[in-house]
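What's counted below: heavy atoms across the whole structure, side chains too, no hydrogens, waters or symmetry copies. As the structure lists them, so they are numbered: ligands from 1, and atoms in each ligand from 1. Note that the structure is predicted; figures quoted are calculated from it, not measured.
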Amino acid sequence: MVFRRSIYKTPAQLRAMVEPGLITAAALDAVRPAVRAGATTAELDAIAERTILARGAESNFQLVRGYHHTTCISVNQEVVHGIPGDRVLEPGDIVSIDCGAQFEGWNGDSAITIVVPDPDRPELVERRQRLSDVTEGSLWAGIAALASASRVGEIGDAVQTYVEASGEGYGILRDYVGHGIGRKMHEGPTVFNYRVADLGPEVRPGLCVAIEPMIVAGDEATLVEDDDWTVSTVDGQDGSHWEHSVAVHDGGIWVLTAPDGGAAGLAAFGVTPTPIS
Ligand code: MG
Ligand code: MG
């Protein structure tokens, strides 16, 4: 593969990636408590937009041709690219929220999944929370692998190994993948969420990637809904999506879209993130 721009950023460029990452994290933090039964997905989107604009940044999703929202919100069998609108969240829904900010020409990209409480259906909530937990765990496993990887492809190996070790038989989306991030939200290299023969480019200081496992409770086959955006499972089973933007620098790795740099999530893997200086 040929990239017009180097995938490796300078130390100054890495420093410029810090603020858009934090703004993206703030937007998702603001949305999190609003994810509850009765809320519309458009209301959640508006919260994210307000948060990003208040920090002097702009939504990078709105810079994607044909897309007019700040977030993608995907509910239940929808996995990614759901369009916010007048859909009202219901108890027990599993809701994935993907969001990004551009600040002074640099980008952040992150996603979380939340299960709306449903006191009447504890088994449903538990089942969906397990899917979200395994997806989030696979994200941290992938980030932890990056800390000592020599090739980008080792991330996907770690994600797949983690998902398989859950013993749940979950599917991993094949047609949607992570990516480099920088001046543009989507740059090279491709970051697979599964094992690939070609391990791809070298991991070295300056690499910035968005790692984003998309995991489903059943078969990995997906379709695009009639709105031309929303990606749903063919079998109607639930999906979950977690994502962080991560930088590799001289001192180690730093999760740009986590205010603690990923310290809490990486602790279970024995990895300590190092701030970008
Ligand atoms: Mg994203
Ligand atoms: Mg992304």
Side-chain angles (χ1 to χ4, degrees), residues 3 7 9 17 20-32 35 41 44-45 47-49 51-52 57-75 78-84 94-103 106-114 132 135-136 138-140 142-143 146 152 155-156 159 172-194 200 207-216 222 224 229-232 239-248 255-258 262 265:
F3 301 110
I7 61 169
K9 293 168 176 70
M17 294 285 290
L22 290 173
I23 295 169
T24 302
L28 287 171
D29 272 347
V31 169
R32 199 178 267 113
V35 179
T41 52
L44 304 182
D45 187 75
I47 292 168
E49 180 172 40
T51 306
I52 288 169
E58 62 185 319
S59 158
N60 50 20
F61 283 30
Q62 293 189 26
L63 302 174
V64 174
R65 181 185 291 268
Y67 201 75
H68 308 295
H69 303 275
T70 300
T71 58
C72 289
I73 302 181
S74 309
V75 183
E78 301 169 355
V79 191
V80 287
H81 302 170
I83 305 174
I94 179 169
V95 186
S96 298
I97 302 143
D98 190 355
C99 183
Q102 184 174 94
F103 181 76
W106 297 92
N107 289 274
D109 188 8
S110 183
I112 59 175
T113 295
I114 297 172
S132 175
T135 308
E136 184 183 11
S138 75
L139 166 61
W140 290 112
I143 297 170
L146 176 65
V152 170
I155 297 168
V159 169
I172 301 173
L173 294 209
R174 302 275 152 169
D175 298 338
Y176 301 90
V177 292
H179 49 89
I181 182 165
R183 282 283 186 194
K184 297 201 305 188
M185 178 168 56
H186 295 126
E187 299 182 347
T190 298
V191 181
F192 296 97
N193 294 308
Y194 45 90
L207 184 73
C208 278
V209 287
I211 304 172
E212 50 178 317
M214 291 154 266
I215 309 298
V216 292
T222 57
V224 178
W229 285 100
T230 310
V231 175
S232 297
S240 173
H241 179 210
W242 282 85
E243 176 178 27
H244 274 305
S245 302
V246 189
V248 180
V255 179
L256 297 158
T257 45

*asked:* Would you call the rings of Trp140 and His244 parallel, tilted or perpendicular, taking 30° and 60° as the class edges?
replied: tilted
*Is the ring centre of His81 less than 6.0 Å from the ring centre of Tyr176?*
yes
_Trace of the side-chain contact (heavy atoms from CB on, under 4.5 Å) decision for Leu146 with Val248_ = CA-CA 8 Å; Leu146 176 65; Val248 180; 3.9 Å; yes
*So, the side chain of Thr71 versus the backbone of Cys99: is there a donor-acceptor pair under 3.5 Å, distance only?*
no
*Determine which of the N, O or S atoms in Glu243 is closest to the Mg ion (ligand 1) and give its atom name.*
OE1
_Checking His179 against Glu212 for the side-chain hydrogen bond (donor to acceptor under 3.5 Å, both in side chains) test, could you report, in this order, the C-alpha distance in whole Å, the side-chain angles of both residues, the deciding distance, and whether it holds?_
CA-CA 8 Å; His179 49 89; Glu212 50 178 317; 3.0 Å; yes
_What is the name of the N/O/S atom of Glu212 that is nearest to the Mg ion (ligand 2)?_
OE2
_Metal proximity, Asp98 vs the Mg ion (ligand 2), N/O/S cut-off 2.8 Å_ = no
_I'd like to know if the Mg ion (ligand 2) has an N/O/S atom from His179 within less than 2.8 Å of it, counting both backbone and side-chain atoms._
yes
*2.8 Å cut-off met by an N, O or S atom of Asp109 to the Mg ion (ligand 1)*: yes
